[in-house]
Amino acid sequence: MASFAATATALLPGGCGAPGARRGGRCAASAVALPRPAARTQTHYEVLGVGAGASTGEIRAAYRRLAREVHPDAAAGSGDEGFIRLHAAYAALADPDERARYDRAVAFRRAAAPVASGSRPRRWETDQCW
Amino acid sequence: MSEHFYTVASDSETTGEDKPQPSFPDVAIGIDIGTSKCSVAVWNGNQVELLKNTRNQKGMRSYVMFKDDTLSAGVTGAAARENGHEERDILSGSAIFNMKRLIGRMDTDEVVQASKSLPFLVQTLGIGVRPFIAALVNNMWRSTTPEEVLAIFLLELKALVEMHLKHPVRNAVLTIPVSFSRFQQTRIERACAMAGLHALRLMPEPTAVALLYAQQQQQLMHDNMGSGTEKIALIFNMGAGYCDAAVAATAGGVSQIRALSGCTVGGEDILQNIMRHVLPSFDNLYAGQTMDRIRSIGLLRIATQDAIHKLAYQDNVEVNVDLGNGHKVSKVLDHPEFEQVNRAIFEKCENIINQCLIDAKLVPEDINDVILVGGCSKIPRIRSLVLGLCKKEISYKNIDALEAAVSGAALEGAIASGVTDPSGSLDLLTIQATPMNLGIRADSDIFAAIIPRNTTVPARRDMLFTTTHDNQTEALIAVYEGEGERAEDNHLLGYFKITGIPAAPKGTVEISVCMDIDASNVLRVFAGVVKPQGPAVPPFIEVRMPTLDDGHGWCGQALAKTYGKTLDLAVLPKKLQP
């Protein structure tokens, strides 16, 4: 069973979104300063390690393979964060409608917000569209 | 064996980290506590083995007999062995059974109401507190609780396992119905603690079956060098007290629970329907339990049960029994009549299967295998109904209907205890889903679901709320679980207040409520003000749920009446995203 402290620190950074999101300040104040996992900036495709053209079958297979690595039941000692992120990616891409919406959102954001140095793009879709 | 008075271990003792390291491999055992029968299984190093009691039974009747100063559970059947009339003794009023139907339920619950026709005493006040139950000892009702009864049973079960394994056991994986609330789950854990067992996992019954299926599929793939494509199974489990359905997608030893649904109908309801059907004056008969009436009902129950069992294999059956006091039952029952009398039950079964398919976003053609388990899966109408809905001719063959759940629990016990097997037969992972919506009360009596049912766990979701009054400085977070649209129609798990909300016009403050279920199925709720920000805002609150100990129906009404208006929150509509 995960200890209270481990769950609390694992929970708050993810649960409240990335810095810059509207709840970021609150989290920074209440969470233990934790190094941000680099994976937070990954796209769903990167999380699953598949190409943008991957078939639903490939996405399912990648999900199952990675679940064996990051699910807390399979990898003792790992937190929930990795699996929650993996499942969010899978849930968004395994459903054709969700996937189309995600692809559009990513394309739209790329077009609308040419990378401004210093400010991180808001990663709302990984946090709220699952 | 009658010396087994139970000892109450404190909750803190159940974690057991401070205990000296045992010299034996501490592999969790699997227990299936059935409404009617219990079974226990262990991983013996190579495979799952179901244990038998001294009477050579794998399925042991679930009851505890109260006699003078001795208590004895159905594991050994010691109390009944003396005269060899087990079933009649169980129905004498001296035994408490069906504890799985009663545990953690309020007296307003229809399942508790239906239990009032059982031979032991079930008293209700109908206000949302726990029912009073008692067993007949020397012509006197002696009070007990479902937790206590279950603990006594588990203690005897534990002794049986220890006798077999020749070392102490501590950890267990227990199967539970899908429709068990989190409050009921805490009652099961409590009963385990009282019996000196640590409930390592509580596993919904069909997901235990799914694990067994995943193992078999994995084995098949090894043997045939199969392609390892995903297989979808619909599991339907109906026992004496509960009915569950699940859809699981399995490939490469990973079993993903796509959807779960369950309800509180089972063989007990079928039995009561038939008893009322063959004896229309049934309800008068149990109003006020006298020795005569208890005996009459016992006789009717045995005769009816027997008839239902026979009807699974023959076209019609005769119920013929003299209940004494001039009451006689003589009736021939055939399938159309049986199905007519139990139509409402079969409809509920259909509903949960359809719900499961919709939630899993599947059509019947997507299903590869239909797995039928539980005692009621022998009923022809149940079989045809499930197979019909799934558009299949036959059900999956390689799973024993009565042993599947406990075998799955023992597998999970071995896996969760870190046992590995060179053949890879324990190289399995179940990705669970949460069976019921979890959320809070908002907008007066609306149930705002934060984690919807069938969300994969571990899971974490949050939702924003706002104040409903100008300058509202406090808000009540009442956490519920269930399927009802109104908060009142769901199970209250606990409550707490957020205080020190900065004074502001209504609708401007943002309060975040985040729910987190970890891999051990522990639910935590985090809540606090997220807008405005700054040092003037109180710290977040973290609460492990359920916090409620008892009387939740009563408590929910009191909360709504006293604080429903003043401390209410409103769901903040999702902002349009850029």
Side-chain angles (χ1 to χ4, degrees), chain A residues 1-2 4 6-8 10-12 14-17 21-31 56-57 60-61 63-69 71-76 78-88 90-91 94-95 97 105 108-109 112-113 121-122 124-125 127-130, chain B residues 15 17 198 200-201 228-230 249-256 258 361 412 415-416 418 427-433 455-464 510 512-522 524 526 528-535 537 539-540 542 544 574-575 577-578:
Chain A
M1 193 178 287
F4 161 77
T7 312
L11 174 87
L12 288 165
C16 301
R22 61 179 177 273
R23 287 155 292 160
R26 178 74 241 165
C27 285
S30 54
T56 306
R60 287 192 197 286
Y63 169 67
R64 281 194 296 268
R65 184 171 44 77
L66 291 168
R68 280 178 166 282
E69 293 171 16
H71 192 283
D73 282 354
S78 72
D80 297 342
E81 193 60 39
F83 179 75
I84 288 179
R85 192 162 47 231
L86 173 68
H87 187 79
Y90 162 78
D95 182 282
D97 295 345
F108 174 81
R109 210 185 43 230
R122 226 166 111 159
W124 60 268
E125 76 284 353
D127 294 324
Q128 287 158 13
C129 278
W130 50 10
Chain B
T15 51
E17 273 92 14
H198 172 226
L200 191 64
R201 287 276 160 98
T229 51
E230 188 173 69
T250 299
V254 178
S255 167
Q256 186 197 358
R258 292 269 186 89
K361 295 184 186 144
E412 177 74 12
I415 296 165
D427 194 12
L428 303 166
L429 172 69
T430 307
I431 301 173
Q432 291 280 8
T455 299
T456 295
V457 291
R460 180 180 314 134
R461 300 287 170 96
D462 56 10
M463 205 172 193
L464 287 177
E510 285 181 15
S512 168
V513 179
C514 175
M515 290 189 159
D516 177 88
I517 304 173
D518 70 16
S520 308
N521 199 28
V522 173
R524 288 184 176 81
F526 300 79
V529 178
V530 289
K531 188 185 149 193
Q533 295 178 358
V537 170
F540 262 58
E542 175 187 333
R544 185 176 163 161
K574 277 220 167 102
K575 287 180 183 171
Q577 302 291 352

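Per chain, numbering begins at 1; letters A, B, ... match sequence-line order. Just so you know, these numbers come straight off a predicted model, no measurement behind them.
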What's the separation between atom NE2 in A/H71 and atom CD in B/Q256, rounded to the nearest 0.5 Å? 10.0 Å
Just by distance, do the side chain of A/R68 and the backbone of B/D427 share a donor-acceptor pair under 3.5 Å? yes
Please classify the contact of B/T455 with chain A as side chain, backbone, both or neither, using a heavy-atom distance under 4.5 Å. neither
When the 4.5 angstrom heavy-atom criterion is applied to A/R65 and chain B, the contacting part is neither
Test log, rule side-chain contact (heavy atoms from CB on, under 4.5 Å), inputs A/Y63 and B/V254: CA-CA 10 Å; A/Y63 169 67; B/V254 178; over 6 Å; no
Closest non-hydrogen atoms of B/P458 and A/I84, given as atom of the first, atom of the second and distance, are O-CG1, 3.4 Å
With side-chain contact (heavy atoms from CB on, under 4.5 Å) as the test, would you mind laying out the steps for B/L429 and A/D73 before giving the verdict? CA-CA 7 Å; B/L429 172 69; A/D73 282 354; 3.8 Å; yes
Assess whether a salt bridge exists between A/D97 and B/K361, defined as any Lys/Arg side-chain N lying under 4.0 Å from an Asp/Glu carboxylate O. no
Between B/V457 and A/F83 the two heavy atoms that sit nearest each other are O-CE2, 3.8 Å
